[in-house]
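Predicted model, so just to flag it, every value in this text is computed and none were measured.
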Amino acid sequence: LQRAGLVLTLPKALNVLAPTSDNQAGQDDAMGPILSESPMPSMQPTISTDGREAGSSVLPTVFQLLELLVHDFMEYVPPTSVPQLTASIGAFARFTGLGVNSSLTAVGFLWNIADALARYHCMPLSQSSVPVQPTQTLPNGGSNAQDLMPPPMDGKKTGGGGAHLEELWVQIFMQLRALAVDGRPEVRNCAIKSLTSALLSHGRKVGAACYQRCLRDILVEILTEVQEAAKTARTRDCASALGGVKGSEGLLVHHSRDTPEKQWDETMVLGMERFQRVLSHFSEEAGVRAFAPLAYTLLLQIQVTLRTLTIEVSGSALRALVDLMRIPASSQMFEVQGTLVGVSALPVPAKGETSIWQLGWSVLWGLVDFCMVRDVPESLMETFATTLNALRNSHRHLLTPDQHVIFWQLSLVLITSPSFCLPTSTPLKANGRADCDDVQGVGRALAAAARSCSEHAGGCGNEVFKSVEAAPDTLFQLDVRTRHCRQRTFVKTPAAVTRLIDANPNRNFEIGSMESAITDVARSDGPVAQADALQAFLGAGRSPTHRTMLFISSSRLQHVQSFVFGLLEETHSLPSPALEGLFVALVCAAFLNLGRVLEDSNKLALAARTLCLLVLFTRRTLLQHLVGTLPAGSATATTSTGHIEALMGQ
């Protein structure tokens, strides 16, 4: 029993749940009897002290008694007995002698206690909810089940029960917190699920102060410890730690979970997702000043996890970041002073206002330079593209010009990753290529557009727009991009340029002109019909795509590279003509520089894809505002006309 952390006592009274006479007088005190050990009667030498006998016979019996108590009699357990009950169950959960299934069951008992605490002590207990059996003789000799109920706690049963019940909640959550970093993956994952489910179910009953305390002192610490454990596991010989194939009980496990690193990564993914869900729930109960410090702490954890560049963990961190930024409280501004204490890893303004939404974009901005010099796994790139595009589609109305640019910069870094061109593309021999460098003057146009947009930038906007001017050249500097990469040179030998484009056998001869689109929109009756005509024209049937253009490059983008390029193709509805001009100048400077297009076959494929991108972007932008000019003379028509005129002047 001592090995399991239990103390066996034989009560003096027959009512095993009633307080002893020694602590009855102090029951009404809030914290004393709950957090201190109650005087226990003397130990009776009724069992053997041999550890093997206790582990083989006594402990399973005690565990069954706890199961009976938790499942059938929790409504009769007084709050003064909850700490001892919780500690005993927590000891069973941590004890490895009864097997992992018993530990998982014990974790479930802690959830049952939390549920009972919310049901019986955080709200008035109606007479009808108590099972009354007057004909049955109860252990204390009474004839009514009410005789087993503890005396009322000074009317503090509603709204969380006051400070003493708050400590009971914390004790339950602290037991789960210890189990959430258990060495057995099944146990810690179950504990994290139980802890976060209890907070999601009963967070409103524990009170905002206790809820915030649990997030700050329990969940944050769990994430920190799990992150450290995952980091330690990565530096270890994982295969030898488990023999390559064994689980915590010597069972066979799937290859995706057969090392400590993979198992801790699974826990990290679960903890990140659950923390974000609980934080979102908490934001509905508390103000932004209480929400912001916790969200900032999660942002720091997400930033560190993102930079591991592991497929599962970094992908989960990115999804958690996007979900966090979508919380309504994240968009609310708050005063930095008195709310946040920033750290150098994620700076905050020294004074003034900011929001978690803006700080989230700072995390993404930091990824631009980080990913610039590292290999990003292709599966992770797909996760980036899907998740970021979903954020843009759902919150496009909140994006500021500098946030649009951060989105483009991160997209360009992923699209131009050396891992796409060095292993498979062919370097090209093109005489006179150096003489063609920026003969179109795209670099000057890009610098002018960036300066125009930066005039009204705030926050990190000035830094973002300044980096745009140098971005096209930096993206293709192999010595910079491959600084921390495994491969730094082309695999294939250079070849002469023979043919740049070919007739497309899948070309679409029914692609319509802008004139036909304007005619169809003008003939449409009403805004709904106009929108339908516009969407029909911009669809694959009547607008060119990289698959249906009349001529197509013989070089093609890889599947993942093509998928990520879709982030640029989905760019539309920009808030200003200056930003639209900046986007066009940026993609032209990056992919249509004549001195760079003929460096290798991959850059040639990017140039061909960019031509199609520019056609689609121009069509979508012009038609969107041309439709706005109908009917003539309206306020919308005046705004759209001014937008088109300003865009044509770029």
Please report the shortest heavy-atom distance between [X] and [Y], naming the atom on each side.
{"X": "Ala180", "Y": "Val226", "result": "O-CG2, 4.2 Å"}
{"X": "Pro83", "Y": "Pro79", "result": "CD-O, 3.4 Å"}
{"X": "Leu380", "Y": "Gly315", "result": "CD1-N, 3.6 Å"}
{"X": "Arg274", "Y": "Ser197", "result": "NH1-OG, 3.3 Å"}

Is the backbone N or O of [Y] less than 3.5 Å from a side-chain atom of [X], with the two atoms forming a donor-acceptor pair by type?
{"X": "Ser102", "Y": "Ala93", "value": "no"}
{"X": "Gln403", "Y": "Trp361", "value": "no"}
{"X": "Ser283", "Y": "Ser280", "value": "yes"}
{"X": "Thr196", "Y": "Lys193", "value": "yes"}
{"X": "Ser314", "Y": "Thr310", "value": "yes"}
{"X": "Asn189", "Y": "Pro185", "value": "yes"}
{"X": "Ser316", "Y": "Val313", "value": "no"}
{"X": "Thr267", "Y": "Gln263", "value": "yes"}

Would you check if [X] and [Y] make a side-chain contact, meaning some heavy-atom pair closer than 4.5 Å?
{"X": "Asn112", "Y": "Met74", "result": "no"}
{"X": "Gln301", "Y": "Gln227", "result": "yes"}
{"X": "Phe109", "Y": "Leu85", "result": "no"}
{"X": "Val62", "Y": "Phe92", "result": "yes"}
{"X": "Thr339", "Y": "Pro293", "result": "yes"}
{"X": "Leu199", "Y": "Cys214", "result": "yes"}
{"X": "Glu284", "Y": "Arg204", "result": "yes"}
{"X": "Leu223", "Y": "Thr297", "result": "no"}

Just verifying a value: how many Å separate [X] [atom1] and [Y] [atom2], rounded to the nearest 0.5 Å?
{"X": "Gln175", "Y": "Ser194", "atom1": "CD", "atom2": "OG", "value": "13.0 Å"}
{"X": "Asp265", "Y": "Glu312", "atom1": "CG", "atom2": "CD", "value": "6.5 Å"}
{"X": "Met272", "Y": "Arg277", "atom1": "CE", "atom2": "CZ", "value": "15.5 Å"}
{"X": "Phe63", "Y": "Ser88", "atom1": "CZ", "atom2": "OG", "value": "12.0 Å"}
{"X": "Glu167", "Y": "Ile172", "atom1": "CD", "atom2": "CD1", "value": "11.5 Å"}

Is the Trp111 ring parallel, tilted or perpendicular to the His202 ring (thresholds 30°, 60°)?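 Rings of Trp111 and His202: parallel, under 30°.
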
Parallel, tilted or perpendicular, judged at 30° and 60°: which one describes the rings of Phe73 and Tyr76?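 Plane angle between 30° and 60°, so tilted.
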
Please step through salt bridge (Lys or Arg N to Asp or Glu O under 4.0 Å) for the pair Arg188 and Glu266, ending with a clear verdict. CA-CA 10 Å; Arg188 62 175 179 260; Glu266 180 187 21; over 6 Å; no

